[in-house]
Amino acid sequence: MKKVLVTGASGQLGKCFQKIASEYPEMELRNFNSSELDITDQNRLQQIFSEENPEYCINCAAYTNVEKAEDDEETAFKINAEAVKNLAEVCKNTGTVLIHISTDYVFDGKATNAYRETDVVNPINVYGASKLKGEEYIRQILDQHFIFRTSWLYSEFGHNFFNTILKKAEEGATLNITTSQTGTPTNANDLADFILQLIREENSEFGLYHYSNLGEATWYDFAKAILEFSGKIDQVTLNKSGYYKTRAERPTYSVLDKQKLQETFKKLVLHWRDSLEDLIINRFRKI
Ligand code: NDP
């Protein structure tokens with residue numbers, strides 16, 4: 001039985017792992033939410049790792065409020081960088097493989113082609129800078145790691161664009177959604193499943209990879225597809241809007257190139273529209 005410790009287990013991605021855990025009976029997922037294991041607490045990290053002795057740690061814990069991070073740089077770096085450094089050190093001392101999630105926001109968005117792992121990073125907001133620092137610590141400290149940069153995560157869990165649009169549809173809202181950013185919506189369930197497959201295979205092609213669904217979209221495209229697939233497009237007035245002013249600047253273009261991922265792992269990665277449709281069909285079937 002492979003023991004897999006999951007931090008930040010009550011967040012969106014953490015919940016996706018719990019949802020599919022029963023499909024991986026050869027693994028025992030040990031889930032810790034932020035009150036059970038605060039990753040900024042180095043003593044607690046050491047204590048949990050020595051009690052649990054996990055083969056793998058999946059770090060789903062992060063400071064993810066991109067807007068708030070602009071005014072709370074210290075906490076963003078504490079969680080996304082310094083705590084990740086501690087985690088990498090603990091993993092090194094215990095021989096644990098660390099699987100860490102990073103972001104498309106390490107890029108400035110000035111590219112016109114999908115970003116490769118080797119492309120120059122240049123975060124334009126505090127969140128992106130803090131996540132990049134976390135990546136750098138892992139690479140310096142620990143060989144046995146996977147870092148997956150992903151983008152626009154959504155699922156049925158938590159506060160995310162997908163759930164917000166569905167809620168707004170119930171309210172019959174008028175939605176003005178920006179076309180000024182292009183990226184790839186990524187179903188967090190797919191990412192969770194991909195990671196557990198690698199653990200199942202004991203894959204040791206460690207390193208940095210870009211993982212998102214295939215294709216690209218603007219937030220407007222994404223909203224429209226959510227509404228169409230859920231049969232709610234007629235319940236709202238959906239308008240395209242231009243530049244959307246936010247506290248944190250966001251990359252205009254942040255599509256991630258998946259060539260390295262696909263050549264290395266040879267796994268099916270779904271187009272974002274197909275994965276979205278799957279999620280909506282399954283979600284409504286369950287209700
Ligand atoms: P969530 O915000 O849903 O989950 C993050 C979790 O981390 C929360 O449960 C939070 O707990 C927990 N957490 C925060 N601080 C600590 C701490 N000090 N110790 C332990 N746990 C803590 O994020 P997602 O699941 O969406 O994100 C998963 C990963 O993917 C993150 O690394 C994120 O940076 C990355 N990512 C996310 C994207 C997105 O669009 N969401 C896009 C690209 C990358 P609590 O709520 O109790 O504070």
Side-chain angles (χ1 to χ4, degrees), residues 5-19 30-45 47-49 57-69 72 74-87 90 98-107 109 115 123 125-135 137-138 145-165 181 183-192 194-195 208-213 217 219 222 246 248 250-251 254-256 272:
L5 192 151
V6 182
T7 62
S10 59
Q12 168 175 223
L13 183 60
K15 284 191 178 143
C16 292
F17 281 110
Q18 291 175 52
K19 178 178 145 188
R30 302 286 295 150
N31 300 301
F32 290 86
N33 65 30
S34 58
S35 53
E36 293 158 339
L37 173 57
D38 176 346
I39 63 164
T40 65
D41 181 342
Q42 194 166 8
N43 292 334
R44 181 77 179 138
L45 267 181
Q47 182 201 349
I48 295 285
F49 270 71
C57 170
I58 308 174
N59 182 29
C60 299
Y63 186 105
T64 55
N65 191 326
V66 178
E67 291 295 283
K68 245 175 105 182
D72 194 5
E74 196 183 331
T75 315
F77 271 82
K78 192 172 171 201
I79 298 171
N80 292 343
E82 299 310 315
V84 172
K85 179 181 178 213
N86 293 340
L87 203 49
V90 175
L98 177 59
I99 302 174
H100 179 73
I101 317 303
S102 191
T103 172
D104 54 336
Y105 283 13
V106 297
F107 296 112
Y115 282 104
N125 59 41
V126 169
Y127 167 76
S130 68
K131 293 291 291 185
L132 177 61
K133 191 76 194 160
E135 287 186 7
Y137 279 137
I138 294 173
H145 71 259
F146 292 99
I147 299 171
F148 294 106
R149 287 187 187 140
T150 191
S151 63
W152 299 22
L153 277 187
Y154 71 92
S155 69
E156 65 271 53
F157 304 115
H159 299 289
N160 59 58
F161 188 81
F162 170 77
N163 280 332
T164 303
I165 295 293
Q181 291 158 33
T184 309
T186 301
N187 185 338
N189 292 286
D190 292 355
L191 174 57
F194 177 85
I195 288 173
L208 168 69
Y209 296 92
H210 287 175
Y211 181 101
S212 66
N213 285 124
W219 290 105
F222 186 25
T246 49
R250 282 157 167 84
S254 65
V255 177
L256 299 172
W272 71 266

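Order of appearance sets the numbers: ligands from 1, and atoms from 1 within every ligand. Numbering starts at 1 and runs along the sequence shown. Values below: every heavy atom of this structure, side chains too, minus hydrogens, waters and symmetry copies.
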Exercise. Return the residue, atom name and 0.1 Å-rounded distance of the protein heavy atom closest to atom 20 (C) of ligand 1.
Key: Leu37 O, 3.2 Å
Exercise. Tell me which one of Gln12, Arg44, Glu36 gets a heavy atom nearest to atom 24 (P) of ligand 1.
Key: Gln12
Exercise. Check if Thr150 has a non-hydrogen atom at a distance under 4.0 Å from any atom of ligand 1.
Key: yes
Practice problem: Would you please determine whether Gly158 falls within less than 4.0 Å of ligand 1 on a heavy-atom basis? | Solution: no
Quiz item: What do you reckon, does Ala83 put a non-hydrogen atom under 4.0 Å from ligand 1?
Solution: no
Quiz item: ring-ring contact (aromatic ring centres under 6.0 Å, His included) with Trp152: which of Trp272, Phe162, Trp219?
Solution: Trp219
Quiz item: Parallel, tilted or perpendicular: which fits the ring planes of Tyr105 and Tyr127, with parallel below 30° and perpendicular above 60°?
Solution: perpendicular
Quiz item: Is there a donor-acceptor pair under 3.5 Å between the side chain of Thr40 and the backbone N or O of Ile79?
Solution: no
Quiz item: Is the shortest distance from a heavy atom of Ser35 to ligand 1 less than 4.0 Å?
Solution: no
Self-check item: Ionic contact status for Glu67 with Arg250, cut-off 4.0 Å
Solution: yes
Exercise. Say whether Asn189 and Ser155, considering side chains only, have a donor N or O and an acceptor N or O under 3.5 Å apart.
Key: no
Quiz item: Which of the listed options, Asp104, Val66, Ile79, holds the heavy atom that is closest to atom 16 (C) of ligand 1?
Solution: Ile79
Quiz item: Under a 4.0 Å heavy-atom limit, does Asn59 contact ligand 1 with its side chain, its backbone, both, or neither?
Solution: neither
Quiz prompt | Closest protein heavy atom to atom 17 (C) of ligand 1, given as residue, atom name and distance to 0.1 Å | solution = Asp38 OD1, 3.7 Å
Quiz item: Among Tyr154, Phe148, Tyr127, Tyr211, which one has a heavy atom closest to atom 36 (N) of ligand 1?
Solution: Tyr127
Exercise. For atom 41 (N) of ligand 1, grab the closest protein heavy atom and report residue, atom and distance to one decimal in Å.
Key: Leu153 CB, 3.7 Å
Exercise. Might you point out which heavy atoms bring Pro185 and Ala217 nearest each other, and give the distance in Å?
Key: CD-CB, 4.0 Å
Quiz item: Can an N or O of Thr64 be found at a distance shorter than 3.5 Å from an N or O of ligand 1?
Solution: yes
